Amino acid sequence: MSKNAYFPNVSGISYEGPQSDNPLAFKYYDANRRIAGKTVKEHLRFAVCYWHSFCANGSDPFGSGTLNHPWEAASNPLDRAKRRLDAAFEFFGKLGAPYYCFHDRDLAPEGETVKESEANLRTLVSLAKEQQKATGVKLLWGTANLFSHPRYMNGAATNPDFRVVAHAAAQVHAALEATVELGGSCFVFWGGREGYSTLLNTDMKRELDNFGKFLGLARDYGRKIGFQGDFLIEPKPMEPSKHQYDFDAATTIGFLRHYGLDQDFKLNIEANHATLANHTFAHELQTAADAGLLGSIDANRGDSQNGWDTDQFPTNIYDAVESLLVILGNGGFKHGGINFDAKVRRNSIDLDDLFIGHIGAMDTFAYGLEVAVALIESSAIAKVRSERYRSFAQGAGLDFTRGSLNLTQLRDYAADLPAIKAESGKQELLENIVNQYLFRGGKG
Ligand code: XLS
Ligand code: NI
Ligand code: NI
């Protein structure tokens, strides 16, 4: 297949700077620019997601597909998968994306039997391996789609029917092998239908125990076949289930610790899932980071006027700054990266729109990176924040921090205190500082 078969109008996306009017050029993402000790590309580790970009056809609950992608024009599912792979790698190369992510069923079609599905996946994995070698594009993470097929309507690892649990295990078994074969850095579990609709038919304790057990088995097999990266759980509060077991970061951290999985599993935090849980993206990232479990992110955005996973491309530079402050504050990504779990709107039907969506998102995070680095280097925010907690850095406050005061000693300390003078939280000042760096474009 020619390297120019599906996107003939686009030769490649390059950096042209903020003054460029070319919609098919980066205005801010300058991949090889060095900042804070690394290139922008190394900091951000962008990944294109296979499902939204190459598998989805724009259908929604009210209407059928609108996108009519040329790579879908084959009647045999395996041929379609091969064409899709060619289109995907042509796109990754032209965009300059260093990574991609997939579900097993994005890459290869499900067969009639477990064995047939495994064989289909192996066929596509060997082709993907060749493409990776030829282009240098790498796999950020793989995952198993344990939610689309009707057999999973009552859950996968948390299904009340053991046969379905075993089927889910077979799928994870193969998806792990695929991920290892392709050198993926992470393996994700998004608990699509791991949850329930009504307690009247649900034994929640059993389902959670089964889920914990299942993930432990996946970890054991992954490690056995040489997977050294992070296993990741992607929290989401709802949709498709009414109650999802991995509601948010805090819930998931408690789950991982309870089942002894927190040494191997970290979190993949998605922006739109955070807002669905009534949190900010930054809150979820910080919760994961504070637990030592921030692994990777799914970058996208929701819509503030409605309550579902609209998976739009992220364009909000303020959010990008806030999230990168947490990510950089945590030492940056190790195995993870920024996966664009985002799709063009169903009326964005030009093939160019797929590039344009990614360009905007990559520019947003590149800009956010500049601003976040400048803010961190200036210590403007950190100074105000540490000043607020200075009373814990000395005297009785330090003793308390070290755990050497009991409740009576605290009482005695308080009894001797003169009247406490309250201090300002300085929120507006801090918000203005963030804006000040945004106005300057992050350039100190
Ligand atoms: C759905 C999830 C899904 C995961 C991968 O809401 O975001 O796309 O990222 O299974
Ligand atoms: Ni996601
Ligand atoms: Ni999502």
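The chain is numbered in sequence order, starting from 1. Please read all numbers here as calculations on a predicted model, not as lab measurements. Whatever order the structure lists them in is the order used to number ligands and atoms, beginning at 1.
The residue from Asn145, Asp341, Asp309 that puts a heavy atom closest to atom 6 (O) of ligand 1 is Asp309. When the heavy atoms of Lys236, His103, Glu234 are ranked by distance to atom 2 (C) of ligand 1, first place goes to Glu234.
The distance cut-off of 2.8 Å around the Ni ion (ligand 3) captures these protein N, O or S atoms, sorted by chain and number: Glu270 OE2, His273 NE2, Asp309 OD2.
Between Thr143 and ligand 1, not a single N/O pair is under 3.5 Å apart. Between Trp190 and ligand 1, a contact under 3.5 Å exists for no N or O pair. In terms of polar-atom proximity, defined here as any N/O pair under 3.5 Å, Asp298 does make such a contact with ligand 1. For the pair Trp141 and ligand 1, the shortest N or O to N or O distance does not fall below 3.5 Å.
Under a 4.0 Å criterion applied to the non-hydrogen atoms of Trp51, ligand 1 contributes the atoms 8 (O), 9 (O).
Ion pairing between Lys236 and Glu239 holds under the 4.0 Å rule for side-chain N and carboxylate O.
Contacts between Glu239 and ligand 1, counted as non-hydrogen atom pairs separated by less than 4.0 Å, are absent for every part of the residue.
When each of Thr275, Asn300, Asn339 is checked for a side-chain hydrogen bond (donor to acceptor under 3.5 Å, both in side chains) with Glu270, only Asn300 meets the rule. Only one option out of Tyr6, Trp71, Phe7, Tyr50 pairs with Phe91 in a ring-ring contact (aromatic ring centres under 6.0 Å, His included); it is Phe7.
Between the Thr66 side chain and the Arg346 main chain, a donor and an acceptor come within less than 3.5 Å of each other.
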(Q) Under the criterion side chain to side chain contact (heavy atoms under 4.5 Å, CB included), I'd like the reasoning laid out for Ser296 against Leu140: C-alpha separation, chi angles, the key distance, then a yes or no. (A) CA-CA 9 Å; Ser296 197; Leu140 187 68; 4.1 Å; yes

